[in-house]
2 protein chains.
Amino acid sequence: MVKLQKSVDKRNALIKATIELVNNNGFHATPMSKIAKMAHVSPATIYLYFENKQDLVNKTYIDVKTAYTNYAFANYNEDMSVKEGFEFIWKRIADFKLNECEHAMFLAQCDNSPMIDEQSRKEGIKHLQPLLDLWERGKKEGVIKPMSDYLLYAYAINPLSFLMMSEKRGAIKLDQSQIENAYQAAWSSIKIAPI
Amino acid sequence: MVKLQKSVDKRNALIKATIELVNNNGFHATPMSKIAKMAHVSPATIYLYFENKQDLVNKTYIDVKTAYTNYAFANYNEDMSVKEGFEFIWKRIADFKLNECEHAMFLAQCDNSPMIDEQSRKEGIKHLQPLLDLWERGKKEGVIKPMSDYLLYAYAINPLSFLMMSEKRGAIKLDQSQIENAYQAAWSSIKIAPI
DNA sequence: AAAAAAAGAATGAACGTTCATTTTTATCTA
DNA sequence: TAGATAAAAATGAACGTTCATTCTTTTTTT
């Protein structure tokens, strides 16, 4: 049997340090030496786990994006009605963005800067399929507005990133009632209004 | 009389170069030497116009943010009804984000990374007041949902940033009918639904 | 005892900023 | 107005530092 060479713990520590340092300083102001220090590892050791700095940050991005979508769709099943399913997924995503905000901040920074390879970006989008399927069904049933997935995402999901950043920056504090407001805003932006 | 020393053109060229290079490479991967080259100026000259690199990027941020809000509120007047006023401002902002996308991209990157001083960030928010006033009026009239300004902004305005980035990345192409869809989504997310 | 993993020190390139000098502009004088 | 002079603006080269990455050696594991 080919044993698991190299420790998974060390890799995780490196990913974790990368997230924290990039959140606070940005990609290019985060030296490998600091990442190494925070992960209690020699700079040279990083290169046993990752090809180079760009590879490290790409892999970190994919890791975090995967954690995000795994969280979002955990316990979701397709038997739910479109409205129920959307509320379920939306609230999971809200949970993730507001509780795991280190991860969410990292994604927000990656998604708005040229620091990630186009390929890793594409890789990260894949995992959103269940939500896109739900929307497709919603459009067929006449429950969801017949708009492109990007428009639906822009209004139903993406605002959570803005709210998370605002909260992280101390501009607002999101309590339960505001999250409920946000959900209602999200739903009313994409649902087809009753006549 | 103290004449206008130093050329305004040169300052503008530096700001323009900063926007373009930061958009393509990020703040820390944009060397002063490249900014200088693109502005047809010696590196040392930059320091006659700005204190240092951080100051240059802060000033650029404020410049662009000001241009953004100036554009958004040009020709707006408070006599309009809340619905009319919102549509007017929204469409101006959409115009700006989709046509002046170099500027909009720069703002999006600044707003999601630690590259800007907290103080310059605050400075940039100020100019949004007319929109906040409109929303205040809308809430009083029972036309706009009684939510915090951050929530309203998150759903009514911020999605345009996401759409602009997606278009810039080549993922979508926004035609007039999609912009109209986006407007309807924005409005339905914040308006109070008829009973 | 051999192989794999990890380490710290070393390397060369790139960066922000400053320095010494030159070029341009404005002011003054005859 | 022409020429001289001073001040301001601009420059290219240089400095000291920092960084990603590699090299050589040591430690750990098999």
Between A/S7 and A/D9: side-chain donor-acceptor atoms closer than 3.5 Å: no
Side-chain donor-acceptor contact under 3.5 Å, A/K97 with A/S161: yes
Gap between atoms NZ and C1', on B/K53 and C/dA14 respectively (whole Å): 11 Å
Rounded distance (Å) that lies between atom P of C/dA14 and atom NE2 of B/H28: 19 Å
Protein-nucleotide distance (B/F50, atom CZ; C/dG16, atom C1'), rounded to Å: 16 Å
Distance, rounded to the nearest Å, where B/L48 contributes CG and D/dA7 contributes C1': 14 Å
Protein-nucleotide distance (B/N25, atom CG; C/dC15, atom C1'), rounded to Å: 14 Å
Option passing side-chain contact (heavy atoms from CB on, under 4.5 Å) with B/Y153 (candidates B/L128, B/L132, B/I190): B/L128
Contact under 4.0 Å: A/Y49 side-chain N or O vs C/dA6 OP1/OP2: yes
Rounded distance (Å) that lies between atom C1' of D/dC19 and atom CG of A/N52: 14 Å
Phosphate-side-chain proximity, B/K10 and D/dA10, N/O vs OP1/OP2 below 4.0 Å: yes
Within 6.0 Å of NZ in B/K34, more than 12 heavy atoms from elsewhere: no
Heavy atoms from other residues, nucleotides or ligands near NZ of A/K91 exceed 12 (cutoff 6.0 Å): yes
Verdict with reasoning, B/K65 to B/D111, per salt bridge (charged side-chain N to carboxylate O under 4.0 Å, His left out): CA-CA 11 Å; B/K65 198 87 175 191; B/D111 287 335; 3.7 Å; yes
DNA chain D contacts made by residues 30-46 of chain B, counting heavy atoms under 4.0 Å: B/V41, B/S42, B/A44, B/T45
OP1 or OP2 of D/dA9 under 4.0 Å from side-chain N/O of B/Y47: no
